[in-house]
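Accompanying notes for the structure given below.
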Amino acid sequence: MDMIKFLHMNGGNGDASYSSNSGLQGAGVMKTKRAIEQAISALCHNFPKTLVMADLGCSSGPNTLLVGSIVINAIAKTSLEMGLEPPEVLINLNDLPTNDFNTIFVALQEIKGNSANGTHHQPSCYFTGVPGSYYGRIFPMKSLNFVHSSYSLHWLSQQPQLEEINKGNIYLASTTPESVSKAHFEQFQKDFFSFLRCRSKEIMAGGRMVLTLAGRTTDDPRDEESNYIWRPLAMAIEEMVYEGLVEEAKFDSFNLPWYNASPKEISNLVRAEGSFTIDQLESFDLQWVAWKRKKDDNDASKLNETDDPRVGLYSDVAKAIRAGVEPLVANHFGEAILDDVFTRYEKILKNRRCNKEYEAVISVTVSLTRKM
Ligand SMILES: C[S@@+](CC[C@H](N)C(=O)[O-])C[C@H]1O[C@@H](n2cnc3c(N)ncnc32)[C@H](O)[C@@H]1O
């Protein structure tokens, strides 16, 4: 399956959209704020007239604006400290062509309204949309100072060719055959290497890059802990196979084009490609309960409700997962099964008797500098 045609998050601003259901990833971006600020501060010390950045796999919604505002505020703060006028900023927003760019452009008017002319120490900002796959070239040679990407690079460019069936699974599970796991790792290696190769041409010497992706801290990519969100989806579809609602062959041939890399795999690939030095590499957990508690605290309509963050937690997680994979599931199984699958998904998630510590998304962040 070619991801360029089929992979995109749910568009718009509605209840099922990625925009309304991407708070967990937003919390992840906030955890990497310091790394982004450090990169921007280092770049401002080289006095660029215009700082050109790209957010790769930006999707559409508040996180797109969040990344832009972290960068803009970091530029303003550094220029104030240096006593200099801030550079102008060009922010290139990239995603696959089927992404809902229109929703971003509408939302951007708010930021533009506040900063297009630049106030004292607030940089003037300009935005462009760049549709295309970041596994290929999307910018001219040496045109970028800073590249950011969050929660995108775990998506593979294509479904790897498999020699065996990943029976009863749709992800790398503990019962997945070794050959299936190896094929996913090899596809990730190929994709991540191409990503670095392309960026090495587009980023100027001394330029920075901060990448955050879903990952793992264990040696084996088939550990159930880092794939905690996917087991209930496999179970929901399998239930529908037993009930005759989904064909078994369809289930057997569905695998998520996804790979959770470990920090060690990422550092090995950066070293093998050779164009970047690693400034920082770390993994962190995004706990669902902590995210939900914060979400409820910010929601005025929830003020009089119970303060147990587990109330509604699984419904929110199910919506977040649906917003991310609905187009892929619909493309493979047809749209008719969507409501049923995700209702079952939520129910299974709620009834699971598992270690609650697994209820987290494991993320890996790497901060890189383009060698001179
Ligand atoms: C989960 S969203 C992350 C959005 C946002 N960066 C965030 O942190 O919330 C992943 C995005 O990556 C995009 N994506 C996946 N593969 C891509 C590729 N090869 N080139 C460009 N974008 C890609 C998807 O279309 C999707 O919008």
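Not measured: the values here are computed from a predicted model. For ligands, and for the atoms within them, numbers begin at 1 and follow the listed sequence.
Residue contacts with ligand 1 do not include Ser60, since none of its heavy atoms lies under 4.0 Å from the ligand. For Ser157, the heavy-atom gap to ligand 1 stays at 4.0 angstrom or more.
At a 4.0 Å heavy-atom cut-off, ligand 1 touches Asn94 through the side chain alone.
By the ring pair (Phe, Tyr, Trp, His ring centres under 6.0 Å) test, Phe185 pairs with Tyr259, sequence neighbours left out.
Atoms of ligand 1 lying under 4.0 Å from at least one heavy atom of Tyr135, given by number and element, are 19 (N). Near Gly132, meaning under 4.0 Å from any of its heavy atoms, are these atoms of ligand 1: 20 (N), 21 (C).
Ionic pairing of Arg216 and Glu265 is present here: one or more N-O contacts between side-chain nitrogen and carboxylate oxygen are shorter than 4.0 angstrom. Under the 4.0 Å criterion applied to side-chain N and carboxylate O atoms, Glu37 and Lys33 are assigned as salt-bridge partners.
Of the candidates Tyr134, Tyr151, Phe195, the one placing a heavy atom closest to atom 17 (C) of ligand 1 is Tyr134. The nearest non-hydrogen atom to atom 27 (O) of ligand 1, considering only Thr32, Asp95, Thr212, Leu213, comes from Asp95.
Any N or O atom pair closer than 3.5 Å counts here, and Gly57 shares at least one such pair with ligand 1. Checked by distance only, ligand 1 and Ser133 come closer than 3.5 Å through their nitrogen or oxygen atoms.
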